[in-house]
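Let me begin by presenting the structure, written as structure tokens, before commenting on it.
What you see below is based on every heavy atom in this structure, not just the backbone, and it leaves out hydrogens, waters and symmetry mates. Here the structure is a predicted model, which means the values were calculated and not measured. Just so it is clear: chains get the letters A, B, ... in the order the sequence lines come, proteins before strands, and each one is counted from 1.
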Number of protein chains: 2
Amino acid sequence: MRARQSGPDRQRHGGDAHPPERLLLDDPMAALPPTARHLLAAARRLLIRDGYGALTFAAIAAEADEAKGSIGYHFGNKDGLMAALVDSLVHDANRALIRESEAQPTAAAKVHVLMDGESRIVADAESFQAFFEILPHALRDPALRRRVATLYDGYRETVSRCVDDTGATRARRLRPFGMLMIAIVDGLAIQHGLDPDGADVAGAIRLWEQLARPLLTELAVAP
Amino acid sequence: MRARQSGPDRQRHGGDAHPPERLLLDDPMAALPPTARHLLAAARRLLIRDGYGALTFAAIAAEADEAKGSIGYHFGNKDGLMAALVDSLVHDANRALIRESEAQPTAAAKVHVLMDGESRIVADAESFQAFFEILPHALRDPALRRRVATLYDGYRETVSRCVDDTGATRARRLRPFGMLMIAIVDGLAIQHGLDPDGADVAGAIRLWEQLARPLLTELAVAP
DNA sequence: GTCTATATTGGGATAGAC
DNA sequence: GTCTATCCCAATATAGAC
């Protein structure tokens with residue numbers, strides 16, 4: 001059951017190849033050899049296109065134009081491959097959200113762009129497809145769960161800073177708002193995925209922006 | 001690939017054994033023979049306890065103390081089993097929500113109970129575990145997706161009626177509110193599952209109730 | 001480091017007895 | 001209508017050549 005100890009995958013099995021604290025900073029793909037990068041990229045494409053069930057060694061190797069055995073060599077076993085895959089998904093998703101939200105100059109503009117951007121994120125079914133594929137596995141596997149939990153902590157932090165970046169004290173009080181914002185994006189993505197025509201995502205986002213406005217203006221006029 | 005035609009599973013493959021319109025009314029389990037019911041109940045337990053990957057014929061048969069071959073006889077193949085499983089999950093989840101929300105007499109009390117009940121639903125990781133297990137499959141398989149989409153339509157309808165049951169006209173304007181309510185429950189369940197200690201679900205629900213209050217009181221004072 | 005070939009396992013489907 | 005036994009196949013892991 002245990003993977004052999006000779007390959008470069010040794011370091012992965014300690015669980016500290018990418019400690020959660022650094023997930024938001026480093027690109028986990030950059031340090032990998034070319035073959036491993038190709039394999040990971042192919043796995044991501046397959047996960048998005050055909051789901052978790054399509055993530056077989058043979059399919060990944062074919063999609064990457066690499067040898068099947070290389071997967072075992074670089075990632076040890078399927079668990080190691082999944083951990084690396086989640087790392088790469090976490091990194092990309094987080095960078096996209098940070099870039100999206102921090103582009104605007106003023107706090108008010110940031111919030112509006114955030115709201116508007118989220119509705120586009122919801123409509124982008126592709127990234128959520130991949131996320132919902134790995135979610136059940138992340139909820140079960142402690143190692144994966146820590147990785148994804150760190151991603152979500154970064155999400156909430158980003159939303160909080162987006163609404164009010166004056167200080168850590170008040171920003172921490174905004175964590176419930178960040179939780180709601182993220183929850184609404186995820187939850188609306190579910191409804192959109194289940195019923196693209198019947199679920200009026202834009203209308204729901206409009207209502208949310210309207211309901212949240214008092215809180216945001218209150219923060220704007222506060223010292 | 002096609003299942004044989006002799007068993008009682010024939011009717012299932014037309015996709016109209018349980019048309020979506022009736023999912024909220026009938027109990028799909030009631031009409032099944034005892035062996036099929038045992039198998040379905042065992043599959044539900046396995047799905048909640050060990051995830052989708054554990055849903056093998058051998059495991060289900062062992063958990064149900066029935067024969068492996070009976071699965072093929074009653075449900076045709078794995079797709080038929082999944083459809084029946086989703087039907088049973090849909091029915092139970094919906095009935096629980098309806099009962100939860102319609103127990104209170106006045107509209108105001110209903111809303112408060114709804115908010116309060118939702119936070120308990122979020123904390124009940126078990127049912128959401130099963131839901132997140134089947135979600136990726138439901139998003140891919142059209143037949144399953146229709147079933148789950150119908151469930152969500154019922155959810156939104158229930159929330160709308162809970163907030164304001166005076167008439168269909170105003171209730172339809174409340175659909176965005178129902179969407180947000182459901183989305184928040186789902187999204188907070190994700191955050192709770194990923195990080196039970198770090199995610200303050202109760203705090204987020206409190207903030208949501210506070211933000212939603214203006215809309216609810218506006219409805220209360222309207223004619 | 002990379003690939004080919006293979007061993008081993010386990011799941012899904014089905015024939016046929018009862 | 002239910003069960004037992006079996007077949008076929010696909011998937012992972014690994015040994016060993018290059």
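- Considering only residues two or more places apart in sequence or on other chains, Asp141(B) meets the salt bridge (charged side-chain N to carboxylate O under 4.0 Å, His left out) condition with none of them.
- Taking 4.0 angstrom as the limit, Ser70(A) places none of its side-chain polar atoms (N or O) nearer than this to OP1 or OP2 of dT2(C).
- Rounded to 10°, the helix from dG1(C)-dC18(D) to dC18(C)-dG1(D) has 0° between the axis fitted to its first five pairs and the one fitted to its last five.
- Scanning residues 48-59 of chain B for heavy-atom distances under 4.0 Å to DNA chain C yields Leu55(B), Thr56(B), Phe57(B).
- Taking a cutoff of 4.0 Å between a charged side-chain nitrogen and a carboxylate oxygen, Asp153(B) and Arg146(B) do not qualify as a salt bridge.
- Counting only residues at least two apart or in different chains, ring pair (Phe, Tyr, Trp, His ring centres under 6.0 Å) contacts with residues 187-206 of chain B are absent.
- Using cut-offs of 30° and 60° for the angle between ring planes, the Trp208(A) and Trp208(B) rings count as tilted.
- Taking the ring pair (Phe, Tyr, Trp, His ring centres under 6.0 Å) definition, one finds that Tyr52(B) meets it with His137(B), sequence neighbours left out.
- The closest side-chain donor-acceptor pair between Asp186(A) and Tyr152(A) falls under 3.5 angstrom.
- Side chain of Gln191(A) to main chain of Met179(B): a donor-acceptor pair is present (N/O by atom type, distance under 3.5 Å, no hydrogens or angles).
- The side chain of Lys78(A) sits closest to dA13(D) out of dG1(D), dG1(C), dA13(D).
- Closest to the side chain of Glu66(A), from the set dC3(C), dT12(D), dT4(D), is dC3(C).
- Nearest nucleotide to the Tyr73(A) side chain, out of dG1(C), dA13(D), dT2(D): dG1(C).
- Within the 4.0 Å cut-off from OP1 or OP2 of dT2(D), at least one side-chain nitrogen or oxygen of His74(B) is found.
- Contacts of Arg37(B) classified as salt bridge (charged side-chain N to carboxylate O under 4.0 Å, His left out), with partners at least two apart in sequence or in another chain: none.
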